[in-house]
Amino acid sequence: MPPQRFDQARPFLTLGIVVILWVVLPVGFKAFTRASFFELTAPAQVAASRLRDLQDYWSLRAHTDDQLIEAGRDLARVNASYAVSVQQNGELRDQVNRLKELLRMPAAENYRFEHARVVRRDFSGWWQRLIIRKGSNYGIPVGAPVVYTGGAVGRITEVHAYTSVVELISNPSVRLAAAIEGDTRPISFQGGENPTFGPAKATIEFVPLDVFASPMLPKKLVTSGLGAFPPGITLGTITKVEPSTDGLFKTGEVQLDPTLAELTEVTVLVPLNPE
Amino acid sequence: MRRCLVIFLTLILLWLLVAQANHLLAPWHVYLFVGGMFITYPALAMPSRAGLAATLLAGLAMDAATPVPFGLHATLLATAHLLIFNIRDRVPRDDTITRVVVALLANLGVFLAFSFLEVTRNRAPGTAWPRLVFDLLCSQAGIALIGPWFFALQAKSDAWVRPGRALAQDYD
């Protein structure tokens with residue numbers, strides 16, 4: 001009887017030994033194996049995203065001429081308003097540069113914009129990530145901030161040969177330095193709940209006691225400029241603040257943009273002068 | 001070796017299809033997890049070593065694509081594989097319904113084990129559970145739906161690389 005029992009337990013014993021051997025294996029070997037497995041599946045994922053693009057192309061081809069004329073007219077209007085904004089932006093930038101020279105302030109970090117298509121969205125209850133179609137072939141560095149038209153998306157956590165992984169701001173493990181729009185005091189931002197059929201939420205801590213926000217009177221939360229993100233990029237809307245247990249600060253809830261879960265294209269801010 | 005590779009390729013195909021489904025379901029914040037299907041056929045219908053090797057390779061492929069310690073999926077799947085392998089002579093393992101039921105139970109176990117390990121990263125772990133429970137229900141429904149097709153695909157692929165070999169050889 002005992003030999004039979006051991007016979008049944010032998011596979012588990014073998015697995016235990018394999019796991020122990022795996023734990024003591026060099027980190028470099030594990031990193032190489034991980035990268036190899038990722039690159040093994042990457043071409044299939046990229047091919048699937050290109051097929052989706054082709055599908056979109058053919059669905060757009062099915063539009064009538066009238067619809068295209070209407071879209072062109074709307075786009076021309078948007079372009080006209082953007083042209084005015086670009087002009088104003090240029091004037092303001094010159095003004096800021098002149099003032100910085102007068103005050104001898106250090107130059108702000110500049111970025112190169114690298115636009116990339118989304119290969120895959122990976123939004124589980126455990127993590128929220130995106131895989132984008134540009135990697136080390138476009139000089140994307142780890143830690144680079146990623147933005148879209150609605151604000152911050154997240155930051156690059158892994159760079160592969162032709163793809164990169166973006167950790168979203170809704171990811172529970174993401175922490176950022178934030179600020180309320182028009183206020184310079186830093187606040188701690190952390191990704192949080194991702195409920196089904198609803199927009200993702202985040203939490204804020206160390207909110208000054210004089211800050212008030214409610215669903216009726218929400219406040220806009222932006223990046224503070226401390227860390228990888230440049231200042232003023234939208235993170236979300238503060239809908240609730242309440243005193244924290246220590247009474248020194250407040251904690252709150254931030255509603256993130258629902259379109260964050262529907263992104264098809266993002267922009268990576270690649271620092272021009274990385275430290 | 002050939003059997004292991006072919007079954008591994010079918011598992012990669014399943015993983016890619018589920019990844020595409022998750023991409024499309026992302027706007028609704030729904031996520032499918034089908035880890036249980038990765039172990040069912042290798043544990044029920046393949047010899048010990050080839051089946052375990054296919055499971056481990058698929059687990060490592062899952063690990064490479066997720067932000068978890070490399071080897072976590074592989075270890076969980078291999079443990080579940082060995083548990084199923086130990087009881088496989090007591091169940092009608094060639095029956096499709098049995099395979100689907102085993103996949104559902106294995107998926108439940110692996111999902112819960114994985115959730116308990118991963119949910120600690122959340123600042124308020126309690127708030128993550130309603131979402132995880134809903135994801136689990138959707139995943140189970142998905143397995144019940146595609147399970148028969150996938151196990152048939154695995155059986156056909158397996159038979160394709162071992163023409164003329166008696167099925168009895170697998171029962172050693």
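As a basis for the values below, the full set of heavy atoms in this structure was taken, side chains included, without hydrogen atoms, waters or symmetry mates. Each chain gets a letter, A, B and so on, in the order its sequence line appears, and its residues count up from 1.
At a 4.5 Å heavy-atom cutoff, the contact between B/L83 and chain A is made by backbone and side-chain atoms alike. Heavy atoms closer than 4.5 Å to chain A are found in both the backbone and the side chain of B/L60. Of the two parts of A/T33, the backbone and the side chain both hold a non-hydrogen atom closer than 4.5 Å to a non-hydrogen atom of chain B. Using a 4.5 Å cut-off between heavy atoms, A/V165 does not touch chain B at all. Interface remark: B/F134 contributes side-chain atoms only to the contact with chain A (heavy atom separation under 4.5 Å). With a 4.5 Å cut-off on non-hydrogen atoms, A/A200 touches chain B through its backbone and its side chain both. Contact annotation for B/W129: neither backbone nor side-chain heavy atoms come within less than 4.5 Å of a heavy atom of chain A. Contacts between B/D135 and chain A at a heavy-atom distance below 4.5 Å involve the side chain alone, from C-beta outward. Contacts between B/L132 and chain A at a heavy-atom distance below 4.5 Å involve the side chain alone, from C-beta outward.
Ranked by heavy-atom pairs under 4.5 Å with chain B, the list A/E262, A/R129, A/Q190 is led by A/R129. If you tally non-hydrogen atom pairs under 4.5 Å between each of A/E39, A/E205, A/E158, A/K201 and chain B, the highest count goes to A/E205. Interface summary for chain A: among B/F33, B/Y31, B/F114, B/F70, the most heavy-atom pairs under 4.5 angstrom belong to B/F70. Of all the listed residues (B/P67, B/P130, B/A26), the one sharing the greatest number of non-hydrogen pairs under 4.5 Å with chain A is B/P67. Listed options B/V30, B/N22, B/T66, B/T79 were ranked by heavy-atom pairs under 4.5 angstrom with chain A; first place goes to B/T66. Ranked by heavy-atom pairs under 4.5 Å with chain A, the first of B/A128, B/A78, B/A65 is B/A65. Your options are B/L82, B/L32, B/L56, and the one with the most heavy-atom pairs under 4.5 Å with chain A is B/L82. Of the residues considered (A/K30, A/R52, A/Q45, A/E167), A/R52 shows the highest number of contacts with chain B, using heavy-atom pairs under 4.5 Å. When each of A/D122, A/T203, A/T196 is scored by its heavy-atom pairs under 4.5 Å with chain B, the top score falls to A/T196.
Minimum interatomic distance between A/V19 and B/T75 (heavy atoms only, all atoms of both residues): CG2-CG2, 3.7 Å.
Counted within 6.0 Å of CD1 on A/I17, heavy atoms from surrounding residues, nucleotides or ligands total more than 12; the atom is thus considered enclosed. The number of heavy atoms from other shown groups lying within 6.0 Å of CH2 (A/W22) is above 12. Counting heavy atoms of neighbouring residues, nucleotides and ligands inside a 6.0 Å radius, atom CZ of A/F32 does not exceed 12 of them.
Between the side chain of B/H29 and the backbone N or O of A/F197, no donor-acceptor pair lies under 3.5 Å.
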The test is side-chain contact (heavy atoms from CB on, under 4.5 Å); show your working for B/R131 and A/E193 and say whether it passes.
CA-CA 9 Å; B/R131 162 78 193 270; A/E193 200 186 340; over 6 Å; no
Criterion side-chain hydrogen bond (donor to acceptor under 3.5 Å, both in side chains) on B/S115 and A/W126, from CA distance to verdict
CA-CA 7 Å; B/S115 294; A/W126 306 302; 3.2 Å; yes
Would A/F37 and B/L57 count as a side-chain contact (heavy atoms from CB on, under 4.5 Å) here? Give the steps.
CA-CA 9 Å; A/F37 270 101; B/L57 285 173; 3.8 Å; yes
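Here the NE2-OG1 distance, from B/H23 to A/T264, works out to 8.5 Å after rounding to the nearest 0.5 Å. Distance CG/A/L40 to CD1/B/I12: 6.0 Å, rounded to 0.5 Å.
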